[in-house]
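What's counted below: heavy atoms across the whole structure, side chains too, no hydrogens, waters or symmetry copies. Labels below follow one simple rule: chain letters A, B, ... track the order of the sequence lines, proteins then strands, and each chain is numbered from 1.
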Amino acid sequence: MSSLLENLNPEQRAAVTLPAEHALVLAGAGSGKTRVLTTRIAWLIAQGAARPAEILAVTFTNKAAKEMSARLAALLPLDVRGMWIGTFHGLSNRLLRTHYKEAGLPQTFQILDSADQLAAVKRLLKALNVDEERFPPRELAQFINASKEQGLRAEAVEAWDEPTRRRVELLVEYERQCQREGVVDFAELLLRAHELLSRNEPLLHHYQQRFRHVLVDEFQDSNPLQYRWLKRFAGGGAALFAVGDDDQSIYGFRGAEVANLRTFEREFGVRHLIRLEQNYRSFSNILDAANALIRNNSQRLGKNLWTERGGGEPLRLYAAGNDTEEARFIADETRTLLRQGHRPGEIAVLYRANAQSRVVEHALFSAGIAYRVYGGLRFFERQEVKHALAYLRLVANRHDDTAFARVVNFPVRGIGSRTLEQLQELARSHDESLWAASARLSGRSGQSLTAFMRLVDAMAEGCAGIRLAELIEQVLKHSGLRAHYQSERDAQDRVANLEELVHAAGQFEAEHAGAVALDSAPLAPGGDANGDRRAEPLIEFLTYAALESGEHQAGAGQEAIQLMTVHAAKGLEFDAVFLTGLEEGLFPHENSIEQDRGLEEERRLMYVAVTRARKRLYLTLSEARMLHGQTRYRLPSRFIEEIPPELIQRQSVAPAAARGTSSMPMAHRPGPAVRAATPGRAAGAREAELAHGLRIGQSVHHARFGQGVILGAEGRGTDARVQVQFTQAGVKWLALSVAKLTPA
DNA sequence: TGGGAGTGCTTTTTT
DNA sequence: AGCACTCCCA
């Protein structure tokens, strides 16, 4: 058991061996956070301080949960299955499945992913005749989620103005609809689980007695509801062990509250605060840059990364004239790195926004370099897969209107929008599902509806006793889905995905057969008499598809350069990292610059990006960039200036190009000076020179707004606009044809 | 019913 | 620019 503690540094060891009390571990990037968390659990068990069944470990992503389980399995000889390890959503689901009656849900309740939720909201708005201009579905969905993530039900949402009151009414209607259909959205999973424990004293008591140790990863990403959720579980005297890094909080925009770290300290009277500051990932030049950057943020809990490794290489800065050139630089450098023997999977290109990947992809493609783009559509989110799943959902629950609406006429079977409208109305007036409504209508309004219902019923009858994969096979065949895509041009990928779905189901069933162990803890009151009895495989598979939609995307090509947003890179590390698009307005993003909170989150994002690199970090930017169909001109990001210049080596020419191995036309080679330092004068100056002799970075005067500096520009001719940072009046976009700007 | 044209949006995103 | 979505007509 002491071998568990080998190779831990003193702080890590201190954290692992803390007594069973609340603790907060502030773990810097690359400081061995996951290791501490898993070793802590292993240590508790090896010490005899806890039994597996007394452990509740919570993460945000399935990937993190999986990794934790895998590491624990390696550390501990014994069965780890008695532990509850999973995501907030996965664990909530588990709780709700076990106690579905008490939670007021049907046993077969289904989970709406974001797209399903949006579809449900749209359907609702249509049924209620709500003007979608005034209440955009997206916005309403966001309102719904935000309310729930604050832990609020409709009656508790504050509504001081008319539109908000209306939104609250719609929230109520939405809830009614979900309840009738037997579906829950992501936020609802957590809220319902929380409420279940809040109002069911025996259950609460049971779980609080059972879990003596609650451990959370990435605590800085938790929202208020998640915080309350944890409080419920740990409220009965369990020890809450939270690991997080306030400097890596980058999900504030979707409700995460860094403040939870402080609130936790205060409310739980945390006596053990441990900082992990030794970094095992990067050379010190990279860490120094990261430290210098993040020092500009206020409100930090304070932390300084250090390493025993040496300084390493300087950071490399490359300023391009335009985005194509920037991308070409990346491709050239990458080629050099590969030639030097770096593995492709150890090289990453990071950007602030997904739209930036295109140019880089193009350059890499032209250079014949294999790459892989992360993000985008995941397997279970593809339309053909969702269609197939919708049939399965109907098999499981005929009253799932989202599924019904999705496939009632797909593939086309003559049930048009008119029929559907009729159905909606009928369903509405009888307060019943679309399925129930079509039972009324089918007699009168034609064969098609009856045929559809018979189809689904037949699928359901046929599914008894057959395997999941076989059931899906039947669905693909009898629904006509496969035939539909087979006959369509350019849809071979979709056919392949459908086959993959059959395969995935087979795999799922093989892996999960009998895999659910009986809990060793006493049964929950009101729980199933058979304990954690295996639910219907179909329901399990559908749940898996909703909650772990990402897993199937993972064809993680190790032999390719990795392209992703900075957000997606959190938790990952690479030998070499290109951090691209370092321009004001892009990174930091213009929508965030306005408020301090936004800017600080951008800076944390930058901090996350910088700390991804182990050995080499490139910072690249471009003076001109194609964005939204227009060329924009921007200043270098302020974040570059926040890094001590002595850590940065300015690179004006790609080494590969210098050696003549590049396809890069010499005429386009940037000059010796760093272009960003002299905006508007290097290649592309023709465009950078705005009307009236104005340039990016130039001080100007405006009759009404006073003194300012030109931040950026877009458009040309009479459309030309400039963005000006005024000393007094803030940031404004001005049309050059209208505004009178004089050089100052 | 389904396709073509017109319109509008475009930061980050896991579950 | 590129994409998703809506609307309207054949």
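In this structure, a donor-acceptor pair under 3.5 Å is absent between the side chains of A:Gln226 and A:Asn260. Between the side chains of A:Asp185 and A:Tyr174, at least one donor N or O lies within less than 3.5 Å of an accepting N or O.
OP1 or OP2 of B:dT14 has not a single side-chain nitrogen or oxygen of A:Thr87 nearer than 4.0 Å. For B:dT15, one of the phosphate oxygens OP1 or OP2 lies less than 4.0 angstrom from a side-chain nitrogen or oxygen of A:Asn62.
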Scoring nucleotides 4-10 of chain C by protein non-hydrogen atoms under 4.0 Å (B base, S sugar-phosphate only, - none) yields -------
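The base of B:dT13 is not paired with the side chain of A:Thr565 by any donor and acceptor separated by under 3.5 Å.
Stacking of A:Arg604 on the aromatic ring of A:Tyr607 is not recorded, the 6.0 Å distance cut-off and the 45° axial limit not both being met. A cation-pi arrangement is found for A:Arg372 relative to A:Tyr374, the charged atom lying closer than 6.0 Å to the ring centre and inside a 45° cone about the ring normal. In this structure, A:Arg97 forms a cation-pi arrangement with A:Phe109, its terminal cationic atom sitting closer than 6.0 Å to the ring centre and no more than 45° off the ring axis.
Looking at A:Asp217 and A:Lys33, a side-chain N of the basic residue comes within less than 4.0 Å of a carboxylate O on the acidic one, giving a salt bridge. We find that A:Asp116 and A:Lys386 are joined by a salt bridge, their nearest charged nitrogen and carboxylate oxygen being less than 4.0 Å apart. Using a cutoff of 4.0 Å between basic side-chain nitrogens and carboxylate oxygens, A:Arg123 and A:Glu181 are scored as salt-bridged. Using a 4.0 Å cut-off between a side-chain N of Lys or Arg and a carboxylate O of Asp or Glu, A:Lys63 and A:Glu67 do not qualify as a salt bridge.
Taking atom CG of A:Leu627 as the reference point, atom C1' of B:dT10 lies 8 Å away to the nearest angstrom. Between the CG atom of A:Asp113 and the C1' atom of B:dT13 there is a distance of 13 Å, rounded to whole Å. As rounded to whole Å, 11 Å separates atom P of B:dT12 from atom OH of A:Tyr251. The CD atom of A:Glu218 sits 12 Å away from the P atom of B:dT15 (whole-angstrom rounding). Summarising the geometry, the separation between CD on A:Gln226 and C1' on B:dT15 is reported as 9 Å, rounded to the nearest angstrom. As a whole-Å value, the separation of A:Phe587 CZ from B:dT11 C1' is 11 Å. One interatomic measurement links the two molecules: CG of A:Asn145 to C1' of B:dT13, which rounds to 12 Å at whole-angstrom precision. Atom CG in A:Asp323 sits about 13 Å away from atom P in C:dA1, given to the nearest Å.
Listed nucleotides B:dT12, B:dT15, C:dC3 differ in distance to A:Arg352; the shortest reach to its side chain belongs to B:dT12. With C:dC3, B:dT13, C:dA1 as the choices, the nucleotide that has an atom nearest any side-chain atom of A:His628 turns out to be C:dA1.
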Tabulated below should be each protein N or O lying under 3.5 Å from an N or O of nucleotides 1-8 of chain B; please produce it.
residue	atom	partner	partner atom	Å
B:dT1	OP1	A:Asn409	ND2	3.3
B:dT1	OP1	A:Ile415	N	3.1
B:dT1	OP1	A:Gly416	N	3.2
B:dT1	OP2	A:Gly416	N	3.2

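A stacking contact links A:Phe253 to B:dT12: the aromatic ring centre lies within less than 5.5 Å of the base's six-membered ring centre, and the planes differ by less than 30°. For A:His589 and B:dT11, the ring-to-base geometry satisfies the stacking test (centroid distance below 5.5 Å, interplanar angle below 30°).
The residue A:Asn354 sits close only to the backbone: its heavy atoms come under 4.0 Å of sugar-phosphate atoms, none of a base.
Counting only heavy atoms from C-beta outward, the side chains of A:Glu188 and A:Glu175 approach each other to under 4.5 Å.
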